[in-house]
Amino acid sequence: MELNELERLRVEKLRLLREAGMEPYPARVHRTHSAAEAVAAFEAAEEQGEAAPEVIVAGRIVGIRILGKVAFAHIEDGTGKIQLFLRKNDLGESLYTLFKRAFDLGDFVEAGGPLIRTRTGEISVQVQSLRMLAKAITPLPYPKEYRDEEGNLKRYAAFSDVEERYRQRYADLAVNPEVREIFRKRSLMIRALRRWLDDHGYLEVETPILQPIYGGAAARPFVTYHNQLKQKLYLRISFELYLKRLLVGMYEGVYELGRDFRNEGVSYKHNPEFTQLELYRAYTDLYGMMETAEQLIAYAAREVLGTMQLPYQEHTVDLTPPWRRVALHAVIREGTGIDYRQFPDAESLRAEMRRRGYEAAEEASWGHLVDNLLSEVEPSLIQPTFVYDYPSAISPLAKQKADDPTHVERFELFIGGMELGNAFTELNDPFEQERRFLQQGRAYEAGDEEAHPMDTDYLRAMKYGMPPNGGFGLGIDRLAMLFTDRHSIREVLLYPHLRRKEG
RNA sequence: GGGUCGUUAGCUCAGCCCGGUAGAGCAGGGGCCUUUUAAGCCCAGGGCCGCAGGUUCGAAUCCUGCACGACCCA
């Protein structure tokens, strides 16, 4: 192990501890109270006029102030912080000296003694016994905390280098409590989504991540290989086709919450693997899914944040249902001045887009050009908005509108200027589905690498009869961004993808 | 993929324009200090200045390339 100067000094302290008969990495812990429990126990005793309880607390040292023959330290555990008050008279010469010489910021320790209030009124453990639980060799970049003139808690030189925070997330979490809070909220959010679905007749299921044919979205897959079966396999880009097969199998409502993988660029709202919720429900449609989306997300906000008014970047997002519903052609015309319905082929739409100063790639199909126009509008869709009626060409799994087969019953949900969800009245006509797959095949031939592949087993399932149904997919990471007011998906992923770096 | 910016001590940063061989605060080390909470005071340390090359008597500083990251655009 290569050690720097600071680490070598701490290794020397390991020796000091062992010489004093104190094992730096013992197996047993004798904690009687968490930090929060100790504080509560003291306050309860104080209120009852009883003697202060004796406790043993355990945690990481996050602050030390040595004043001579007396010292103060704060330790932190999963419930919060508590102060240790150490006196030479209480600990004895040798243990007190060992504390001064061998205990550092970042060490996990155990301290026992009665609870007291110090002169400044802070509830503290007046330490009689002290053990090392795990000596830290590498110093954690603990910031200093202080209160400014207005009394706001400020931090001095906090560990904030974005790259290092992601590469060493453990250190980030250890020293930045607000980062821990992001992932706590994320977990509560996912729990709330599950609870709502479980309470509304959805069955949670698990479907293959390794798939012989990928599908359910427009994206390039990661490819892998099964050696024994001598078979190419894809990491799933969505759960859609496997979940809808289950409706053929007579489940009325199913959902899956898990990881999708898309072999595409990284951005503030894209990571190659991301978490998705997909749900499907028989005997409903696009409009049922709009209500489901509203109820589900509003419920999670109420449970996790206690409010429907979310501060997001410089905006306040109001999640109170019902949400705005606007047709795709209308929202695009509103934002760009182009009514794409007047330009029904790629050539004329491309010309019109260029005339208005928008980029339009030569090889882009009509459907993709429409999608490009939507991207122009996307950042302005801050309040929850269902954009509905999408071109069939870019929606091979959705049912066409009865009065306009060039469009399908599909919506995308936008909140905070991001696409959060996608839903259809699901296509359940096997012959139409076959035509769509063939159409996608032609698009692939024409150079669209994201075109949907043919899936004959899916067609076979549909031929047995698939009930009319609605489906909705929700980007969990982006919802977490919204709930925690983070502008980057990496802030809501514990281990975001980074390029490898030597050393 | 393109553009802009960044990378200096364990952490947070200054120094770079205008080249002369590296600084601060915190952390760490030694000392004083028996109620502190950014504790205080004194002393002494600590650096492949992202990597490689070029220009120059001399490069953290100027130039080129590369790596990694941030932001914007595609």
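Just so it is clear: chains get the letters A, B, ... in the order the sequence lines come, proteins before strands, and each one is counted from 1.
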With a cut-off of less than 4.0 Å, is there a side-chain N or O of A:Arg65 near OP1 or OP2 of B:rA39?
yes
With no angle test and no hydrogens, is the base of B:rU35 tied to the side chain of A:Arg119 by a donor-acceptor pair under 3.5 Å?
no
Whole-Å P distance, B:rC26 and B:rC41:
8 Å
By the 4.0 Å heavy-atom rule, please label A:Thr138 as base, sugar-phosphate, or nothing.
nothing
Considering only heavy side-chain atoms of A:Arg167, the closest of B:rG30, B:rC68, B:rU36 is B:rC68
What are the two closest heavy atoms between A:Tyr495 and A:Arg169, and how far apart are they?
CE2-CB, 3.9 Å
Taken to the nearest whole Å, CG/A:Leu498 to C1'/B:rA67 is 14 Å
Looking only at side-chain N and O atoms, does A:Arg87 come under 4.0 Å of OP1 or OP2 in B:rU35?
no
Could you tell me how far B:rA22 sits from B:rG47 if I compare only their C1' atoms? Round to whole Å.
8 Å
Can a side chain N or O of A:Lys144 be found less than 4.0 Å away from OP1 or OP2 on B:rG25?
no
A:His497 vs B:rC68: side-chain N/O to OP1/OP2 distance below 4.0 Å
no
Taking pairing as Watson-Crick or G-U wobble with both contacts under 3.5 Å, can you name the mate of B:rA44, or confirm there isn't one?
none
Suppose we call a contact any N or O donor and acceptor under 3.5 Å apart; does that hold for the side chain of A:Thr118 and the base of B:rU36?
yes
Looking only at side-chain atoms of A:Ala157, point me to the closest of B:rC11, B:rG69, B:rG30.
B:rC11
Can you confirm whether the side chains of A:Glu7 and A:Thr138 place a donor and an acceptor under 3.5 Å from each other?
yes
Whole angstrom value for the distance that separates C1' of B:rC71 from CD of A:Gln313:
13 Å
Whom does B:rC51 pair with, Watson-Crick or G-U wobble, provided both distances fall under 3.5 Å?
B:rG65
Any donor-acceptor pair, under 3.5 Å, between the side chain of A:Asp161 and the base of B:rU7, if you only look at N and O atoms?
no
When you measure from the side chain of A:Val162, which nucleotide among B:rU35, B:rA27, B:rA70 comes out closest?
B:rA70
Establish whether the base of B:rU7 is bridged to the side chain of A:Glu163 by a donor-acceptor pair shorter than 3.5 Å.
no
So, is A:Lys13 near the phosphate of B:rG29, with a side-chain N or O under 4.0 Å from OP1 or OP2?
yes
Please report the distance separating the C1' of B:rG65 from the corresponding atom of B:rU55, rounded so that it comes out in whole Å.
15 Å
Please state whether the phosphate of B:rU12, meaning OP1 or OP2, lies under 4.0 angstrom from any side-chain nitrogen or oxygen of A:Arg155.
no
A:Pro221 side chain near A:Leu235 side chain, heavy-atom distance below 4.5 Å:
no
Given A:Val57, which partner from the list A:Thr32, A:Leu84, A:Thr79 fulfils the side chain to side chain contact (heavy atoms under 4.5 Å, CB included) test?
A:Leu84
Describe the nucleic acid contact of A:Ala71 in one word from base, sugar-phosphate, nothing, applying a heavy-atom distance below 4.0 Å.
nothing
Does the distance from a Lys or Arg side-chain N to an Asp or Glu carboxylate O, for A:Glu362 and A:Arg354, drop under 4.0 Å?
yes
Applying the Watson-Crick and G-U wobble criteria at under 3.5 Å, what pairs with B:rA70? Answer none if nothing qualifies.
B:rU4
A:Glu145 CD - B:rC11 P separation (whole Å):
19 Å
By nearest atom, which of the nucleotides B:rG29, B:rG69, B:rA27 is closest to the A:Leu9 side chain?
B:rG29
Roughly how far apart, to the nearest Å, are B:rC18 and B:rG6 at atom P?
15 Å
Distance, C1' atom - from B:rC66 to B:rC57, rounded to whole angstrom
29 Å
Who does B:rG23 pair with, Watson-Crick or G-U, both distances under 3.5 Å?
B:rC13
Looking at A:Asp389 and A:Arg410, is any side-chain nitrogen of the basic one under 4.0 Å from a carboxylate oxygen of the acidic one?
no
